[in-house]
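Here the structure comes first, spelled out in structure tokens, and everything after it is commentary.
In what follows, every chain begins at residue 1, and chains take the letters A, B, ... in the order their sequences are listed.
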Amino acid sequence: MKGKNRLLKVYAILLAAFTVFTALDTFVLTKTYEVVETVSEEVSQQESYAGSISGRRSKDRRTASSGSVTGQSGKAAGTGTTLVTEDSYTDGNISVSLSEYEYSDTAVYVAKVELSSPEYLKTAFANNTYGKNITAATSDIAETAGAILAINGDYYGVQEKGYVLRNGVLYRSSAVSGKEDLVIYEDGSFEIINESDVSAEELLEKGAVQILSFGPALVEDGEVSVNVSDEVGRAKASNSRTAIAVTEDGSYLFIVSDGRTDESEGLSLYELAEFAKSLGAETAYNLDGGGSSTMVFNGTVVNNPTSSGSIKERKVSDIVYIGY
Amino acid sequence: MYMKADGRSRAGVYKWIRGYAAAAAACLLFGTVYEIFSHGVYSVYMLGAWTVPCLCALLLLAAAKKAAILPGNILLQLLCCGAATLTAGSLMKGVLDIYGTTNGLTVFYPLAGGAFILLFAALYITGLSASKRKQVSEVLSQEEETNIIEKKRKRGSI
């Protein structure tokens, strides 16, 4: 066969080159579609604020510090006293209390959030850029955004379709048939929609400010909406998970579970849904999990994210956060 | 483009069959190892990539056993290009599935792979049909010749 198979040899080289290019295009090559405009003054003020919190925590994690934060104005936490402890944050507008649970041999971290206005529930992109393969660690995005509390988002960057609406700006409106999304409206209410049933433009007109496209919905109308056998694609039954929920009284729950370790087995979607329901969730939605699952509170990673077999943060496309 | 099914051509086809069998085994091993380290996330494309070279091996084995003519080197290369494209596409789709992502470029693999396989199938089936027609016409002409000889014999001209 030597020397005779020229067609095959040339084609094999072309096929290998194409395959390498496809792999690079999927995982490495970055494409910037849009740079998000930031409100520089507020964000920079908040960055210094987050930095000061982070500094306080690193010095004395157990000591509650109080007193107004200097150098802030307007909405930036300037209303009254700011009280920060290792597991709580309170100012005039935002209240966050962090709890750790042991559920089904899994460490689960829950942040209960109460807001004076839903405008403090926000999302942010890695490097403030909407694009492909543009990623950063949840803690880095949180720091840039000046987040008090943050969890990883839906990792929109690895999907070519699915709605992306963030902070009132529609970035992607191509629907994925049958995809369940979480819509967060201006008034802070949650709704689960199916991308087959409603367009992103219609949702924007209805007052949607955030659309998260991962899923599935865990709890709807106070009832668990997944089956025992439901999983994300072909994901492992027990895994690290991230979820966001709203309760009947209007407070939000940010839930992150550890997984993939001997110490913390991980949760199935059904277990996560049951857990969220037990905390009073009226609507709960599953976000990107596995190695992406990360919760950051006051500049510190709260959980134990597992990436590539070790405890470290995986870079993600976006976060959901509480901040000014 | 075609080879008469004799001992030498069959030996050549068996070399290709061994190559396909090795490729199928390699795909099965790669897919299994990849799945072990994928945190329980599985993809039918990753697990099933070995089936393409396996089917090609079986197809050639059947041809080597039964067919009167065998695909020649050009046709065997066409089949291999198709099989390689489909197998690479299956593995790539498996990797993307397990990572939880998609890429529109992967549509190339089934299109190109399918085109190669269809071209191979069309050319080989044409060759088989032609070979059959040739055999039939050879048989018919032989029968015709025999009839003429018989007629002549009856008339006493032979």
Side-chain angles (χ1 to χ4, degrees), chain A residues 1-27 29 132-133 154-162 174 176 214 231-240 259-261 265-266 268 288-292 306-309 314 316-317, chain B residues 1 3 11-19 23 35-47 72-109 111-113 115-116 119-120:
Chain A
M1 288 196 293
K2 280 177 189 172
K4 286 197 292 183
N5 302 327
R6 187 169 290 175
L7 165 70
L8 186 58
K9 285 172 184 168
V10 171
Y11 184 72
I13 292 168
L14 291 174
L15 181 64
F18 177 78
T19 301
V20 169
F21 175 76
T22 305
L24 289 173
D25 183 60
T26 307
F27 300 111
L29 301 176
K132 186 175 181 180
N133 289 326
D154 63 2
Y155 212 147
Y156 75 88
V158 297
Q159 303 299 333
E160 294 178 308
K161 290 182 176 179
S174 53
V176 176
F214 197 89
E231 282 309 323
V232 181
R234 293 148 293 278
K236 194 178 184 180
S238 295
N239 218 331
S240 314
R260 300 178 173 179
T261 63
E265 190 181 319
S268 69
D288 185 22
S292 301
T306 49
S307 185
S308 305
R314 178 199 276 177
V316 296
S317 298
Chain B
M1 205 178 296
M3 299 183 291
V13 169
Y14 282 130
K15 274 187 186 174
W16 287 88
I17 291 172
R18 283 195 291 277
E35 290 291 346
I36 288 170
F37 293 101
S38 65
H39 297 290
V41 184
Y42 70 90
S43 164
V44 288
Y45 292 99
M46 180 59 78
L47 289 172
N73 191 258
I74 295 286
L75 282 189
L76 287 169
Q77 287 187 70
L78 278 180
L79 178 66
C80 192
C81 285
T85 309
L86 291 177
T87 307
S90 189
L91 292 172
M92 176 58 80
K93 186 85 171 69
V95 170
L96 300 191
D97 267 2
I98 289 167
Y99 190 74
T101 186
T102 54
N103 190 319
L105 292 173
T106 54
V107 75
F108 163 79
Y109 294 103
L111 289 179
F116 276 119
L119 188 59
F120 163 80

Minimum heavy-atom distance B/A88-A/L15, with the two atoms named: CB-CD2, 4.2 Å

Spatial distance of atom CZ (B/F116) from atom CG (A/L7) [nearest 0.5 Å]: 6.5 Å

Short side-chain donor-acceptor distance under 3.5 Å, B/N103 and A/T22: no

A/Y11 atom OH, over 12 foreign heavy atoms within 6.0 Å: yes

Pairwise salt bridge (Lys or Arg N to Asp or Glu O under 4.0 Å) hits with a residue in residues 74-96 of chain B, at least two apart: B/K93-B/D97

Portion of A/K132 that has a non-hydrogen atom of chain B nearer than 4.5 angstrom: side chain

Heavy-atom closest pair, residues A/R6 and B/Q77: N-OE1, 3.6 Å

Expected output: side-chain A/E160 to main-chain B/T101 donor-acceptor under 3.5 Å: no

Worked check of side-chain contact (heavy atoms from CB on, under 4.5 Å) between B/L96 and A/V158: CA-CA 9 Å; B/L96 300 191; A/V158 297; over 6 Å; no

Which atom of B/L105 lies closest to which atom of A/F18, heavy atoms considered: O-CZ, 3.5 Å

Chain B contact via A/A16 - which portion, at a heavy-atom distance below 4.5 Å: neither

Per-residue contact mode, B/Y109 against chain A (heavy atom under 4.5 angstrom): side chain

